[in-house]
Asks: 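One structure, pasted below without further comment.
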Number of protein chains: 2
Amino acid sequence: MEFFDKVGKSALGSRLRLMTAVVTDDAAKIYELYGVDFVPKWFPVFYTLAEEREITITEIANEIGHSQPSVSKIIQEMIAAGLIEESAKTEDKRKNNVVLTEKGILISKKIKQQLEDIDVAIEGIIAESKHNLWAALEEWEFLLEQKSLIKRVSEQKKKRESKDVKIVDYKPEYQEAFRALNVEWISTYFEMEEADYKALDNPEEYILKKGGKILVALYENEPVGVCALIKMNNSEYDFEMAKMAVSPKAQGKSIGWLLGKAIAEKAKELGAKKIYLESNTILKPAINLYYKLGFEKVFGLETPYKRCNIQMELVL
Amino acid sequence: MEFFDKVGKSALGSRLRLMTAVVTDDAAKIYELYGVDFVPKWFPVFYTLAEEREITITEIANEIGHSQPSVSKIIQEMIAAGLIEESAKTEDKRKNNVVLTEKGILISKKIKQQLEDIDVAIEGIIAESKHNLWAALEEWEFLLEQKSLIKRVSEQKKKRESKDVKIVDYKPEYQEAFRALNVEWISTYFEMEEADYKALDNPEEYILKKGGKILVALYENEPVGVCALIKMNNSEYDFEMAKMAVSPKAQGKSIGWLLGKAIAEKAKELGAKKIYLESNTILKPAINLYYKLGFEKVFGLETPYKRCNIQMELVL
DNA sequence: ATTAATTATATAACTAGTTATGCAAATGTA
DNA sequence: TACATTTGCATAACTAGTTATATAATTAAT
């Protein structure tokens with residue numbers, strides 16, 4: 001299939017589907033070849049029954065990796081075909097235990113040789129090929145169990161996008177974004193306070209002129225995240241990290257992390273030994289981020305903000 | 001999936017189906033993650049259109065390995081979603097050429113980054129694993145194209161069963177089978193003749209006592225094939241191979257081949273240089289077998305049989 | 001120039017699975 | 001002991017494909 005060479009690995013699903021169709025189509029013909037009156041889709045259920053003697057529908061479904069309704073339907077078909085029967089002698093009346101009939105046992109014997117032939121044929125293909133499909137499927141089952149494809153793709157997305165994020169110094173043109181991004185989250189969770197308006201309306205005067213810093217995260221040249229380093233007086237800390245905000249539209253790009261790291265770096269450059277922050281525990285993702293950045297809880301400082309119920313510090 | 005360890009390679013179809021489901025389920029989530037309003041099953045069609053600019057439904061189906069009705073339905077859905085449109089400017093009015101709309105082109109650009117991320121994620125899994133699933137699928141596509149699974153299984157069946165066939169010397173207890181197997185095919189295609197009755201009713205006298213041989217093929221201890229080596233007098237040949245018959249129930253076990261080989265071997269043992277046979281060209285499988293055994297056409301000998309329209313010899 | 005065969009597509013009916021849901025039996029809990 | 005929750009199964013409705021078939025347009029053949 002030339003198509004797959006062009007399209008790349010993202011068509012893996014399609015490629016698998018086609019191979020599945022090729023293999024299962026031939027499976028039907030194989031039963032015919034051996035003169036067995038049997039439908040391929042019955043096989044996993046039938047095999048389990050032949051092994052286990054007596055088992056419930058839900059147990060079968062779990063064993064073979066089908067949904068319960070799928071097994072339910074297959075069981076009904078096989079009962080109609082006379083291969084299995086309900087065994088009734090269970091106490092739990094919800095359960096529908098099934099066993100092979102005489103005819104079923106006969107077919108299971110008849111089928112044995114066929115399965116061996118198929119096994120040999122497939123082993124033959126594996127021997128002819130450089131890459132072992134059977135072993136590869138086993139490995140993939142394990143690896144995707146460990147970490148699903150969607151998880152892996154989303155990690156790759158994050159990694160790539162965070163490369164496209166630039167952290168730059170504040171410029172007057174970013175004042176609007178600095179204000180809007182902060183107002184957005186503050187007014188969602190709390191109420192805007194006096195101290196907020198001062199800093200957000202006039203960052204030059206209230207933050208920069210006092211010796212603080214503001215960093216802006218740009219994605220595709222748009223400001224999508226901001227964070228300030230505010231000079232503290234009469235305190236064991238030189239700076240407070242505050243007014244961190246990331247646009248919800250730009251989530252999943254590790255922008256908070258990148259801003260936090262950059263702010264800590266900047267504080268170090270400015271000679272700080274420790275930085276301080278205030279937050280609220282209802283902001284769970286934020287608190288998580290602070291822990292990841294290395295902040296730890298502290299107690300007892302005074303704060304002008306009502307919304308503060310947790311205080312943290314980062315030793316640089 | 002423990003099930004697959006127990007059940008063996010014959011469950012390859014089931015295993016493939018499960019892996020396909022795992023991968024395609026995540027594919028849907030991936031489109032969601034990237035905020036693209038897109039159904040995974042559209043992808044192969046969409047990709048082809050994005051590459052080829054303008055192409056008919058049947059061409060797409062062939063390219064991506066789907067059936068034409070499948071593509072037909074997908075096209076309809078994508079038209080409804082506004083991603084593609086009919087391009088009308090074809091002369092052949094049967095054809096329904098389709099192209100991407102503006103919106104489609106936009107999405108194709110949007111999707112590009114996503115495909116790259118998936119590619120990287122899958123490459124990551126491949127790098128983590130010892131057995132390359134992608135490469136294995138490619139190899140299997142090639143190998144099954146060369147020789148299908150059903151062909152391989154049927155060859156294995158034949159091989160195994162021919163091992164269970166024993167070629168033994170004639171004993172009086174096989175007279176009935178010798179007669180019945182021959183009467184079956186002769187009376188199906190021709191009419192029994194005088195010479196047939198003589199040899200079949202009294203093989204001891206008409207074949208063995210005159211220095212001929214009869215071999216019997218046993219499968220599960222039942223006589224399922226017979227073949228005679230008849231002494232010829234006043235001829236360049238020492239023996240004629242005749243009365244070869246195989247039960248239709250025992251077909252596909254190479255019994256004709258095994259009998260023919262054994263008869264030739266026996267003739268050699270008896271000092272013959274060439275053996276001769278008579279047949280009729282309407283018996284195509286038989287003629288094919290004779291060629292495979294090394295017989296070649298000859299002309300001009302006299303024969304007592306009306307049904308003979310081809311004569312052959314094998315140089316030993 | 002007809003007629004027959006082929007081609008391109010659409011539609012219907014089927015297949016082998018899925019998820020969602022409802023019901024009855026069994027189990028847990030106050 | 002009564003009520004809520006959980007479990008096991010069946011059924012309905014859906015999905016992503018298939019094969020079979022009908023129809024119209026085109027091409028080939030007499």
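Order of the sequence lines sets the chain letters (A, B, ...), proteins ahead of strands, with each chain counted from 1. Values reported hereafter were calculated over all heavy atoms of this structure, with side chains retained and with hydrogens, waters and symmetry mates removed.
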Asks: Please list residues of residues 68-79 of chain A whose heavy atoms come under 4.0 Å from any atom in DNA chain C, ordered by number; otherwise none.
Replies: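 Correct list: A/Pro69, A/Ser70, A/Lys73.
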Asks: Please check if any side-chain donor atom of A/Tyr31 sits under 3.5 Å from a side-chain acceptor atom of A/Asp37, or the reverse.
Replies: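 Their side chains do not contain a donor-acceptor pair, so the 3.5 Å distance test is not met.
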Asks: Mind calculating the distance between CD1 (B/Ile55) and C1' (C/dA8) to the nearest angstrom?
Replies: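 Nearest whole value for this atom pair: 14 Å.
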Asks: Under 3.5 Å, side chain of A/Asp119 to main-chain N/O of B/Lys9, donor-acceptor pair present?
Replies: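 Confirmed, A/Asp119 side chain pairs with B/Lys9 backbone.
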Asks: B/Ser72 side chain to B/Gln68 main-chain N or O, any donor-acceptor pair under 3.5 Å?
Replies: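 Looks like no, no N/O pair under 3.5 Å.
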Asks: With DNA chain C as reference, determine whether B/Asp25 or A/Pro40 sits nearer its 5' end, using the nearest nucleotide of each.
Replies: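 Upstream on the strand: A/Pro40.
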Asks: Is any side-chain heavy atom of B/Leu137 closer than 4.5 Å to one of A/Leu16?
Replies: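 Touching, per the 4.5 Å side-chain cut-off.
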Asks: Take atom NZ of A/Lys159 as the centre, draw a 6.0 Å sphere, and report whether it contains more than 12 heavy atoms from other residues, nucleotides or ligands.
Replies: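 No, not enclosed.
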Asks: Considering only heavy atoms of chain B and a distance under 4.0 Å, specify the first and last nucleotide of DNA chain D in 5' to 3' order that meet this criterion.
Replies: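 On DNA chain D, the outermost contacted nucleotides are D/dA16 to D/dT26.
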Asks: Any base atoms under 4.0 Å from B/Thr56, or only sugar-phosphate, or nothing? Heavy atoms, all strands.
Replies: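 Sugar-phosphate contact only.
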Asks: Does the distance from a Lys or Arg side-chain N to an Asp or Glu carboxylate O, for B/Lys147 and A/Glu128, drop under 4.0 Å?
Replies: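 No, B/Lys147 and A/Glu128 are not salt-bridged.
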Asks: Can B/Asn97 and B/Thr56 be counted as having a side-chain donor-acceptor contact under 3.5 angstrom?
Replies: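 On atom types as modelled, these side chains do not qualify, holding no pair under 3.5 Å.
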Asks: Not counting sequence neighbours, which residues clear ring-ring contact (aromatic ring centres under 6.0 Å, His included) with A/Trp42? List them please.
Replies: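 Result, ring-ring contact (aromatic ring centres under 6.0 Å, His included) vs A/Trp42: A/Phe38.
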Asks: Excluding sequence neighbours, so at least two apart, what forms side chain to side chain donor-acceptor pair (under 3.5 Å) with B/Ser247?
Replies: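 Partners of B/Ser247 by the side chain to side chain donor-acceptor pair (under 3.5 Å) criterion come out as none, since no residue qualifies.
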Asks: Check salt bridge (charged side-chain N to carboxylate O under 4.0 Å, His left out) between A/Lys103 and all other residues, then give those that pass, not counting sequence neighbours.
Replies: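 Here no residue qualifies.
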Asks: Under 4.0 Å, heavy atoms only, any strand: does A/Thr24 hit a base, just the sugar-phosphate, or nothing?
Replies: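 It contacts nothing in the nucleic acid.
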Asks: Quick one: bend of the helix from C/dA1-D/dT30 to C/dA30-D/dT1 from 5 pairs per end, to 10°?
Replies: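 Roughly 0° between the end axes, to the nearest 10°.
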